[in-house]
Amino acid sequence: MPCVLDPAHWSHDSAEVPASMEKPNPTQFVLTLKCPDRLGVMARYSGCLHQHGAFITEVSHYGDPDTKAFFSRTEFDDRHMECTFEQFLTDFAELAHELDMEYQLRPVQQKPKLMLAVSRDDHCLNMLLTKWRSGALPVEIVGVLSNHDDLRPLVEWYGIPYHHLPISKETKPQQEEQILALLQQTQADYLILARYMQILSDSLCEKLEGRAINIHHSFLPSFKGAKPYHQAHKRGVKVIGATAHFVTADLDEGPIICQEVKSVDHRATVSRYVHIGHDIEAITLADAVRLVAEQRVVLNEGRTVIL
Ligand SMILES: Nc1nc2c(c(=O)[nH]1)N[C@@H](CN(C=O)c1ccc(C(=O)N[C@@H](CCC(=O)O)C(=O)O)cc1)CN2
């Protein structure tokens, strides 16, 4: 019998679960996974969800033909789940081990903790704080660190702890130890470089692999490093942009999360580029933080999959 999508052939399961058995206020969960691609992998893990009564509300998948990796993101709730979340975690961990799966599974209301890092420019910081306060960014901001003290009044107005960590060539290792200690104390999940103008050491990048995000003020891979707007103006570009990416030891070459561009013409000066660019940088970084907070970003051998 061919597997057809003609409604006449759909089987109608009359065994509906009575509404009375549904939980009145179900808890939402998000599961994001990556594993070696093979026939049946989706059936296995969606079967596990079904067996535990998970009610799926959003799902997306991707199989990369080059890296042979499979990616999936599922939002579900427990309206029909009879087991505890802990029991589901245990059972899913067993399946994940069998399928050699990397995964993140958490209740949606358990928001990722962010430590923001800034220097003197406040446009990206302002956007993140405004969107956090309005609830548009589902995150918990546990603190802001900076190598300067300029932005303390802004941060403390929001009631967020401000950590002034001055840096010099001689004190860079100690200052980075302070950053690590802060991340540990606050249990921060991510370090967000919101125009933090210091190059992180190779060892810090290694320790923060997949957890540090930067906003670069150019449409990478063009114009890496310092003063990208000056480089772009000298080149006579017709678009300028911003790139949010994971931080790696290779400056501005980390996996890209999202990018935005805006047209410019021959009349635009470098300072005009900077004014236009600040808006693009701020919104691009906020978009990247939202995607990461919603567990939509998975690393894929130097690139990312956005689900
Ligand atoms: N290891 C990495 N560190 C950082 C990255 C990265 O991709 N890998 N991105 C940068 C951000 N950045 C451009 O977006 C950038 C920041 C700073 C510099 C730089 O030359 N800094 C000097 C000091 C400048 C100063 O004191 O004002 C330095 O660190 O010696 C270049 C590019 C964030 N870090």
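Worth knowing before you read on, the calculation uses all heavy atoms, side chains too, and leaves out hydrogens, waters and symmetry mates. Positions are given from 1, in the same order as the sequence printed here.
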**OP:** Using the side-chain contact (heavy atoms from CB on, under 4.5 Å) rule, take Ile240 and Ile276 through it: C-alpha gap first, then chi angles, then the decisive distance, then the call.
**Re:** CA-CA 9 Å; Ile240 58 170; Ile276 297 168; 3.9 Å; yes
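- Of the possible polar contacts, one joining the Ser218 side chain to the Phe223 backbone as a donor-acceptor pair under 3.5 Å is found.
- Taken together through direct or relayed side-chain contacts under 4.5 Å among Ile, Leu, Val, Met, Phe, Trp and Tyr, Phe92 and Val108 form parts of separate hydrophobic clusters.
- Side-chain atoms of Asp150 never come within 3.5 Å of backbone atoms of Arg120 as a donor-acceptor pair (strictly under, hydrogens ignored).
- Rounding to the nearest 0.5 angstrom, the gap separating the CD atom in Glu294 from the CD1 atom in Ile306 is 11.0 Å.
- Listed by first and then second residue, the side-chain hydrogen bond (donor to acceptor under 3.5 Å, both in side chains) pairs involving residues 102-111 are Arg106-Gln295 (not counting sequence neighbours).
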**OP:** Take Tyr190 and Phe246 through the ring-ring contact (aromatic ring centres under 6.0 Å, His included) test and state the conclusion after the steps.
**Re:** CA-CA 10 Å; Tyr190 295 97; Phe246 286 104; 7.5 Å; no
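- Counted within 6.0 Å of CD on Glu58, heavy atoms from surrounding residues, nucleotides or ligands total more than 12; the atom is thus considered enclosed.
- Across all their heavy atoms, Ala244 and Ala288 have their closest contact at CB-CB, 3.4 Å.
- With contacts defined as side-chain heavy-atom distances shorter than 4.5 Å, the pair Leu191/Leu183 qualifies.
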Original post:
What's the verdict on side-chain contact (heavy atoms from CB on, under 4.5 Å) for Thr74 and Ser72, showing C-alpha distance, side-chain angles and the deciding distance?
Top reply: CA-CA 7 Å; Thr74 306; Ser72 180; 3.9 Å; yes
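- Hydrophobic cluster membership is shared by Val144 and Val139, with clusters built from Ile, Leu, Val, Met, Phe, Trp and Tyr side chains linked at under 4.5 angstrom.
- Taking the six-membered ring where the residue is Trp, Phe29 and Phe85 present parallel rings, their angle staying beneath 30° rather than reaching 60°.
- Judged by distance alone, with hydrogens and angles left aside, the side-chain atoms of Lys172 form no donor-acceptor pair with the main-chain N or O of Leu200 at under 3.5 Å.
- Annotation: Glu86, atom CD; neighbour count of heavy atoms from other residues, nucleotides and ligands within 6.0 Å is above 12.
- Residues Met127 and Leu154 are members of separate hydrophobic clusters, defined by side-chain heavy-atom contacts under 4.5 angstrom among Ile, Leu, Val, Met, Phe, Trp and Tyr.
- The SG atom of Cys124 sits 7.5 Å away from the NE2 atom of His278 when rounded to the nearest 0.5 Å.
- At distances below 3.5 Å, not a single donor-acceptor pair connects side-chain atoms of His233 with backbone N or O atoms of Pro228.
- At distances below 3.5 Å, at least one donor-acceptor pair connects side-chain atoms of Thr269 with backbone N or O atoms of Arg272.
- Separation of atoms CD1 (Ile160) and CD1 (Ile141) is listed at 4.5 Å; rounding is to 0.5 Å.
- Residues Asp64 and Val305 form no side-chain contact, since every pair of their non-hydrogen atoms from C-beta on lies 4.5 Å or further apart.
- Between His245 and Ile257, the closest side-chain pair of non-hydrogen atoms is not below 4.5 Å.
- The side-chain heavy atoms of Leu151 and Pro153, taken from C-beta on, include no pair separated by under 4.5 Å.
- Counting non-hydrogen atoms of other residues, nucleotides and ligands closer than 6.0 Å to NZ of Lys34 gives a total above 12.
- Leu180 pairs by the side-chain contact (heavy atoms from CB on, under 4.5 Å) definition with Glu177, Leu204, Lys207, Leu208, not counting sequence neighbours.
- When atom types are taken as modelled, the side chain of Arg290 and the backbone of Leu137 share no donor-acceptor pair closer than 3.5 angstrom.
- Within the 4.5 Å cutoff, the side chain of Val239 has no heavy atoms near those of the Val264 side chain.
- Ion pairing of Arg195 with Asp121 is present here, as a side-chain N (NZ or NE/NH1/NH2) and a carboxylate O approach within less than 4.0 Å.
- Side chains of Tyr196 and Ser146: a donor-acceptor N/O pair is absent below 3.5 angstrom, by distance only.
- Put simply, Val298 and Met42 are part of two different groups of oily side chains (I, L, V, M, F, W, Y) that touch within less than 4.5 Å, one to the next.
- Residues Glu82 and Lys23 are not paired through a salt bridge, judged by the lack of any N-O separation under 4.0 Å between the basic side chain and the carboxylate.
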**OP:** Evaluate side-chain contact (heavy atoms from CB on, under 4.5 Å) for Val30 paired with Thr32, printing each intermediate quantity in order.
**Re:** CA-CA 7 Å; Val30 57; Thr32 307; 4.1 Å; yes
**OP:** In sequence, state the C-alpha distance, the side-chain angles, and the governing distance for Asn214 and Asp252, and then conclude on side-chain contact (heavy atoms from CB on, under 4.5 Å).
**Re:** CA-CA 8 Å; Asn214 176 62; Asp252 301 326; 3.7 Å; yes
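- Using the six-membered ring where Trp is involved, His61 and Phe70 have ring planes that are parallel, under 30° apart on the 30 and 60° scheme.
- The two residues Asp78 and Pro26 come nearest to each other via the heavy atoms OD1-CA, 3.2 Å.
- Here the CD atom belonging to Gln175 is positioned 7.0 Å from the CD atom belonging to Gln198, to the nearest 0.5 angstrom.
- Under 3.5 Å, the side chains of Ser201 and Glu176 contain a donor-acceptor pair of N or O atoms.
- In this structure the side chain of Ile213 never reaches within 4.5 angstrom of the side chain of Val289, judged on heavy atoms.
- Salt bridge absent: Lys68 and Asp37 never bring a charged side-chain N and a carboxylate O closer than 4.0 Å.
- Atoms OG1 and CD, from Thr284 and Glu281 in turn, are 8.0 Å apart once rounded to the nearest 0.5 Å.
- Of all the heavy atoms in Asn147 and Ser119, the pair that sits closest is OD1-OG, 2.9 Å.
- The heavy-atom pair separating Val155 from Pro161 by the smallest distance is CG1-O, 4.0 Å.
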**OP:** Evaluate the side chain to side chain donor-acceptor pair (under 3.5 Å) criterion for residues Thr243 and Gln259: first the C-alpha distance (whole Å), next the side-chain angles of each, then the deciding distance (0.1 Å), finally the verdict.
**Re:** CA-CA 4 Å; Thr243 303; Gln259 298 181 287; 2.9 Å; yes
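- Counting only heavy atoms from C-beta outward, the side chains of Leu193 and Val118 never approach each other to under 4.5 Å.
- Scanning all heavy atoms of the two residues, the minimum distance from Ala242 to Ile215 falls at CB-CD1, 4.1 Å.
- Geometric assessment of Arg79 against the ring of Phe55 yields a positive cation-pi assignment under the 6.0 Å and 45° thresholds.
- By the 4.5 Å heavy-atom criterion applied to side chains, Leu299 and Thr304 are counted as neighbours.
- A donor-acceptor pair is defined here as one N or O able to donate and one able to accept, closer than 3.5 Å; such a pair exists between the side chain of Arg296 and the backbone of Leu307.
- Glu75 and Arg73 get closest at one heavy-atom pair: OE2-NH2, 2.6 Å.
- Taken from CZ in Phe76 to CD in Gln28, the straight-line distance is 9.0 Å, to the nearest 0.5 Å.
- Surrounding CZ of Arg133 are at most 12 heavy atoms belonging to other residues, nucleotides or ligands under 6.0 Å away.
- Residues Val41 and Leu105 are members of one and the same hydrophobic cluster, defined by side-chain heavy-atom contacts under 4.5 angstrom among Ile, Leu, Val, Met, Phe, Trp and Tyr.
- The environment of Glu209 atom CD is sparse: at most 12 non-hydrogen atoms of other residues, nucleotides or ligands sit within 6.0 angstrom.
- With a 6.0 Å radius and a threshold of 12 heavy atoms from other residues, nucleotides or ligands, His50 has its NE2 atom at or below the threshold.
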